[in-house]
Amino acid sequence: MTKFDDLNSIQQEIVQNTEGAYLISAGAGSGKTRVLTNRVCYLIDKGVSPENILAITFTNKATKEMQERVTRMTDGKAFGLTIKTFHSFCAGILREFIYKFDGFDKNFSVYDDSNQKALLKKVINDLKVSDDIAKKCEYHISSAKNLGLDPDEYLKDNRYEPNIDTIVSVYREYQTQLKNNNALDFDDLLLKTLELFHDFPSILEYFQEKYKYIHVDEFQDTNLVQYKILYMLGIKYKNLFVVGDEDQCIYTWRGANITNIKMFIEDFKPKVYKLEQNYRSTKNIISRANLLIKNNISRIDKTLFTENDDGDEVSFKECYDEKEEAEYVANQVYILKSRGVDPREIGILMRISSLSRNIEEKLLNYNIPYVTSGIFKFFDRLEVKNVLAYLSMVVNPKDNANVIRIINVPKRGIGQTTIDKLESISRETGSPLTEIIENFRELDVSATIKNKIADFGNLIVKFNEEYKKKSMSDFAEFVINEAGLKDMYNSKSEEDLDRKLNIEQLISSIKDFEYENENATLIDYLESVTLQSSLEKKDDNEPSISISTIHASKGLEFDYVFLIGLEEGKFPLSRALDNADELEEERRLMYVGITRAKKKLYITRAKSRFLYGRREDTICSRFIEEMGIKVPKRQFGGFSSDYDDFVSNDYYSNNYKSNYNAHSNYSNGYSNNYGKSSFGNNLSKSNYSFDSSYSTKKQEFGGSSNNLNKLQSMNSKVSSSKKFDDFKVGVQVFHTKFGVGTIIKREDAEGNNYVSVDFGKIGVKTLSLNFAPLQILKK
DNA sequence: CCAATAACCTTTTTT
DNA sequence: AGGTTATTGG
Ligand SMILES: Nc1ncnc2c1ncn2[C@@H]1O[C@H](COP(=O)(O)OP(=O)(O)OP(=O)(O)O)[C@@H](O)[C@H]1O
C-alpha cells in the first residue's frame with residue numbers, strides 16, 4: 001500500500017491528474033515538492049513502471065531526500081525510478097553514448113569550476129590574450145554556453161561587441177583543449193546531451209519512450225539549454241509536470257531564466273495550477289515575506305497566506321560588530337537547545353559564506369555541534385584535489401590538465417620549462433602527456449631532467465597496472481602511498497595534520513561510495529565528486545544545527561532560522577546595488593531565506609564588520625525596512641550600546657564597552673590591562689581589530705576536537721570574580737521588572753559581572769550583577 | 001632550471 | 001586575509 005501524505009483538495013486533484021502537461025506555479029512552502037513526490041508515487045501506485053518516470057531535482061541533496069521519501073511511501077516499489085539533477089542525468093546518458101562524438105570516450109572527465117578556470121587561464125596564456133580582454137572571456141563563454149551557442153553562433157550574435165574575435169577564439173580554443181583532454185565542463189554535460197538528441201534521433205526516441213512521465217522541481221531556476229533538453233524529451237508524450245516559484249528564482253547568474261515558464265506554456269499548453277496556502281511558516285513570518293517581495297516590480301503579484309498560528313514576531317537584532325553578532329546567535333541557539341529544540345531544526349543562513357567563520361568559532365565556544373553546507377568545500381582543498389588529479393590521470397590518460405597539475409606534486413624538480421617542453425611535444429604529436437612521459441626514453445632532454453621524468457613515468461606505468469587489479473579504495477591508497485601524497489605533509493603543524501586528515505577522509509569517502517554503490521567504478525566516484533562538490537555527511541553524527549548559504553538552503557526548512565549579515569553591500573551585495581535586476585534577485589534570495597523558517601525567524605546585522613582584511617562601518621540592509629521592521633534610528637559611534645530590538649530582546653543591555661573587553665580577554669588568552677581607568681575611550685584600532693590566533697576547523701565531518709580543547713582552555717583563563725559566586729548557570733532568579741528567570745550564562749570581565757537570564761516569554765536579558773535588581777530564588 | 005620569498009591583487013551565490 | 005604572480009637567490 002502506498003502511503004500518501006496529507007494533501008488539500010487542490011493538491012489532491014493535481015496529484016491524480018496523471019496525463020498531460022502541468023505547471024504548478026506556487027509560493028514558498030505551499031507543498032510543491034510534496035505534490036511532486038506524491039504524484040510520482042501515485043503514478044507508480046496506478047501501475048506505471050518506475051522505469052518510465054523521470055524526476056529532475058535541483059540539488060543532489062534534494063535528489064537523495066526525494067529518493068528516500070518515494071522509497072518509503074511506495075514500500076520499495078519505486079525500483080528503477082530515475083531521480084537525478086540535470087547534470088547527473090546528462091552525465092549518465094553521455095557515459096553511454098559519448099562515443100558517438102569523435103574524440104571522446106566513456107572515460108571522459110567532468111571539469112568542476114576550478115578545473116574549468118584553470119583550463120581557461122591556460123588557453124588565455126597559450127593565445128597570449130591581453131589582460132583586459134582575458135577578464136571578459138569567462139563571462140562570454142559562460143553566457144554563450146548558457147544560451148547553447150557554439151563559437152560561430154556566438155560571434156554572429158555579438159558582432160558589435162568589442163574584441164569579440166579574440167574572445168571567440170579563446171572560446172574555440174577552450175573547447176578544442178577540452179576535447180583533446182577528453183573532458184567536459186558542467187555546461188558541456190547539458191550541451192553535449194542536447195547535441196546527442198539532435199544528431200541521433202534514434203537515441204532521442206529511445207529516451208522519449210523510456211521517460212514517458214517527466215517531472216521537474218524548481219523549474220524557475222532552469223536555463224535555456226535545460227529547457228531544450230526537456231522539450232526534446234517531453235514533446236512526444238507531453239507528460240511534463242513542472243513546479244516552480246518565480247519569486248524563488250535565484251540562479252539567473254548561472255543562466256536561469258523564467259522565460260522558460262512562458263515558453264513551456266506556449267509549447268505545451270499545460271494546465272496551470274496556483275497554490276498560495278503556505279503550510280510551513282507562522283503568519284508573522286509569511287507576512288514579513290509578503291511585505292518584502294512586494295518590493296519587486298517585475299513580478300506577477302501573488303500573496304501567500306497561511307492558516308498556521310501567528311507565532312512569534314520576527315526578531316531583528318542590531319549588533320555592535322561581527323563578534324557580538326556571533327555571540328548573540330550562538331547564545332540564542334544555546335537557549336533553544338536548552339529548551340529542548342532539536343538541533344536539526346535550527347538553521348543559520350547567510351548571503352556570503354565568509355560570514356560563517358565567526359559563527360563557527362562561537363559555536364565551538366559554546367560546544368554546539370554544527371554542519372555546514374555550501375561553505376566548507378572539501379573537494380576544493382589542495383591536498384584533496386591533488387589526489388583526485390592523480391586518480392583522474394589514470395582513469396582518463398588523455399587529460400593533460402591532470403598531468404600538469406601533479407607532475408611536480410610532490411616536488412620532483414620538474415619545473416615550468418620542462419612542462420612547456422613536454423606540452424609542445426604533446427601538441428605537435430597529438431599524443432597525450434601521459435604517453436609522452438611513459439615513453440621518456442625517447443625524450444630529447446638533459447640527463448638529470450630525463451631521470452626525473454623517468455621516475456614519474458615509471459610511477460604512471462605502475463599505476464596503470466594496479467588500476468586494473470585493485471578495488472578503487474585500495475587503488476587510491478596505493479596511489480597516495482606510492483606518490484607520497486601524504487608524506488608531503490609530515491610537519492607537526494596544525495595545517496599539515498589537517499591536510500593528512502583530509503586525505504584520510506577522502507579515502508573513507510571512497511570506501512563509503514564503494515560500499516553504497518555496488519559495481520561502481522572509480523570513474524563513477526570521480527564524477528559524483530565533481531557533481532557534488534561537498535562531502536556527504538554521515539547520519540551517525542550527533543544531531544547538529546546547520547550553517548548554510550541561502551543558495552544551498554533552497555528547498556529546506558527549519559523550525560528556527562537565523563539570517564545574519566543584513567547589511568547594505570553584503571545583503572544585498574554591493575555589486576547588485578546599481579542594477580535593478582540583480583537587486584531583485586537579492587530580494588528573492590532574502591525571500592527564500594525568510595521562508596525557510598517554520599516557527600521563528602531571527603535576523604541580525606553587525607554595525608561594524610571586519611571582512612576581507614578591513615573593518616568597516618555598515619548600513620542596515622534595505623530589506624529590513626521593506627519587511628516593515630522598524631529600525632531604531634540611533635547614531636553609530638561612541639559607546640552607547642543600548643540598541644532596542646524590534647522585539648524587546650535587548651541583549652547586552654548595559655555598557656557594551658566593558659562587555660567587549662570581556663570578550664577580548666578570553667579571545668586573547670590572557671587579560672589585557674585596559675578596562676578600569678580607560679573605561680570608555682580605548683576602542684582604538686589596535687585593541688579592536690586583533691583576531692584570535694587559532695585556526696577555524698570546520699566540523700563538516702568528525703574529528704578536530706583539538707580546536708574545542710583549545711577554546712575551552714581559553715575560556716578557563718577568563719578571570720572569574722569572587723563576588724556574586726551564587727549566580728551560577730541554572731540558578732533561578734527574580735528581577736523586579738522581568739520577573740522569574742533562569743541564569744543561562746555567566747560572564748565576568750574586569751570589575752563587571754554579567755549573567756544572561758532567560759525570562760521565558762519576555763526573552764533573554766544580559767544583566768550586570770553590579771547594577772541589576774536580581775535576587776536568587778532557588779539554587 | 002627550480003625553489004623560496006616578496007609584492008600584489010581580489011574578494012558571491014553552485015550544478 | 002588569502003591566493004596568485006613576479007622576483008630573487010640557490
Ligand atoms: N496539505 C498539506 N498539509 C500539511 N502540510 C503540508 C501540506 N502540504 C505541504 N505541507 C508541508 O509544508 C511544508 C512545505 O512543503 P514543500 O517543501 O513541499 O513546499 P515547497 O512548495 O516545495 O516549498 P519551497 O518552495 O520553499 O521549496 C512541508 O513541511 C510540508 O510537509
Side-chain angles (χ1 to χ4, degrees), chain A residues 56-63 84-91 110-118 121 125 131 135 142 145-146 184-191 218 221-223 225-226 249-256 349-358 373-375 377 379-382 407-421 445-449 452 495 527-534 548-554 565 569-577 579 582 585-586 588-590 592-593 610-616 689 691 693 695-696:
Chain A
I56 300 283
T57 58
F58 193 76
T59 61
N60 292 292
K61 204 186 229 165
T63 296
K84 286 187 167 178
T85 63
F86 263 110
H87 293 268
S88 67
F89 176 65
C90 291
V110 179
Y111 278 11
D112 68 11
D113 219 42
S114 71
N115 294 325
Q116 223 174 100
K117 284 209 170 73
K121 203 163 136 194
N125 234 311
D131 279 3
K135 265 186 249 151
S142 137
K145 290 191 162 196
N146 284 331
L184 301 176
D185 64 18
F186 276 123
D187 295 323
D188 283 349
L189 289 174
L190 307 172
L191 289 165
E218 310 280 9
D221 275 321
T222 52
N223 70 18
V225 179
Q226 291 167 333
C249 178
I250 54 174
Y251 282 90
T252 59
W253 50 275
R254 224 172 64 186
L349 309 182
M350 59 203 74
R351 166 74 247 250
I352 44 179
S353 56
S354 42
L355 298 193
S356 78
R357 193 174 191 247
N358 289 300
S373 57
I375 287 162
K377 302 201 173 56
F379 294 104
D380 272 2
R381 298 280 309 210
L382 197 64
I407 191 167
N408 202 31
V409 179
K411 301 252 181 303
R412 276 182 258 272
I414 301 174
Q416 198 52 52
T417 321
T418 310
I419 293 173
D420 287 347
K421 196 163 187 172
V445 289
S446 74
T448 38
I449 296 292
K452 290 169 181 171
E495 286 82 11
E527 182 183 297
S528 87
V529 150
T530 32
L531 259 35
Q532 286 200 157
S533 80
S534 69
S548 169
T549 58
I550 300 176
H551 281 94
S553 76
K554 197 184 202 351
K570 296 287 152 329
F571 195 10
L573 218 54
S574 53
R575 302 164 156 237
L577 293 180
N579 178 321
E582 285 183 41
E585 178 139 331
E586 296 286 310
R588 288 193 294 270
L589 195 57
M590 181 66 184
V592 170
F610 188 76
L611 200 66
Y612 308 135
R614 245 202 329 272
R615 175 163 296 285
E616 264 175 3
S689 64
D691 208 344
S693 59
S695 72
T696 319

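Below, chains carry the letters A, B, ... as their sequence lines are ordered, and counting in each starts from 1.
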Length of the CG-P vector between A:L191 and B:dT15, whole Å: 18 Å
For the side chain of A:T85, counting heavy atoms from C-beta on, which of B:dC1, B:dT15, B:dT14 is nearest? B:dT15
Output yes when A:K117 and A:D113 qualify as a salt bridge under the 4.0 Å nitrogen-oxygen rule, no when they do not. yes
By side chain to side chain donor-acceptor pair (under 3.5 Å), which residues pair with A:T222, not counting sequence neighbours? A:N260
Pairs under 3.5 Å (N/O, protein and nucleotides 8-11 of chain B):
none

Using whole Å, report how far CZ of A:F86 lies from P of B:dT14. 20 Å
List every contact pair, protein side and nucleotides 3-7 of chain B side both N or O, where the distance is under 3.5 Å.
from  : atom 1 : to     : atom 2 : distance (Å)
B:dA3 : OP1    : A:G413 : N      : 3.4
B:dA3 : OP2    : A:N408 : ND2    : 3.2

For A:F58 and B:dT15, give me the distance from atom CZ to atom P, rounded to whole Å. 7 Å
Would you confirm whether A:N408, through its side chain, and A:G415, through its main-chain N or O, come within 3.5 Å as a donor-acceptor pair? no
Any side-chain to backbone donor/acceptor pair from A:E586 onto A:A576? Under 3.5 Å, distance only. no
Set of side chain to side chain donor-acceptor pair (under 3.5 Å) partners for A:T59, sequence neighbours left out: none
Checking contacts here: which listed nucleotide (B:dT15, B:dC2, B:dT13) is nearest the side-chain heavy atoms of A:T417? B:dC2
Is a side-chain donor or acceptor of A:H551 paired with a backbone partner of A:I250 at a separation under 3.5 angstrom? yes
Report, as a single string ordered 5' to 3', how protein heavy atoms within less than 4.0 Å touch nucleotides 2-10 of chain C: B base, S sugar-phosphate only, - not at all. --SS-----
In whole angstrom, give the distance that lies between atom CD1 of A:I449 and atom P of B:dC2. 5 Å
Donor-acceptor check, side chain of A:Q532 to backbone of A:N60, threshold 3.5 angstrom: yes or no? no
Any residue meeting side chain to side chain donor-acceptor pair (under 3.5 Å) with A:D185, in chain and number order, not counting sequence neighbours: A:K145, A:Y174
Which comes earlier along DNA chain B counting from the 5' end, the contact point of A:E582 or that of A:Q416, where each point is its nearest nucleotide? A:Q416
Would you indicate what A:S353 reaches in the nucleic acid, counting non-hydrogen atoms under 4.0 angstrom: base, sugar-phosphate, or nothing? sugar-phosphate
Going by modelled atom types, is there a donor-acceptor pair between the base of B:dT13 and the side chain of A:R351 at under 3.5 Å? yes
Rounding to a whole Å, what distance do you find between A:I550:CD1 and B:dT13:P? 11 Å
At under 4.0 Å, does any side-chain N or O of A:T549 touch on OP1 or OP2 of B:dT14? yes
Can you confirm whether the side chains of A:S353 and A:T549 place a donor and an acceptor under 3.5 Å from each other? no
CG of A:D420: more than 12 outside heavy atoms within 6.0 angstrom? yes
Using heavy-atom distances to pick each residue's nearest nucleotide on DNA chain B, tell me which of A:S88 and A:K452 is more 5'. A:K452
Examine distances only and state if a side-chain atom of A:R412 and a backbone atom of A:I407 form a donor-acceptor pair shorter than 3.5 Å. yes
Single hit among A:L191, A:N115, A:L531 for side chain to side chain contact (heavy atoms under 4.5 Å, CB included) with A:F186: A:L531
In whole angstroms, how far is the C1' atom of B:dT15 from the NE2 atom of A:H87? 4 Å
When the distance from CG of A:L349 to C1' of B:dT12 is rounded to whole Å, what number comes out? 16 Å
If the P atom of C:dT4 is compared with that of B:dT13, how far apart are they to the nearest Å? 16 Å
Can you check the A:N579 CG to B:dT12 P distance for me, whole Å? 16 Å
Checking B:dT15, B:dT12, B:dC1 against the side chain of A:L573 (C-beta onward), the nearest is B:dT12
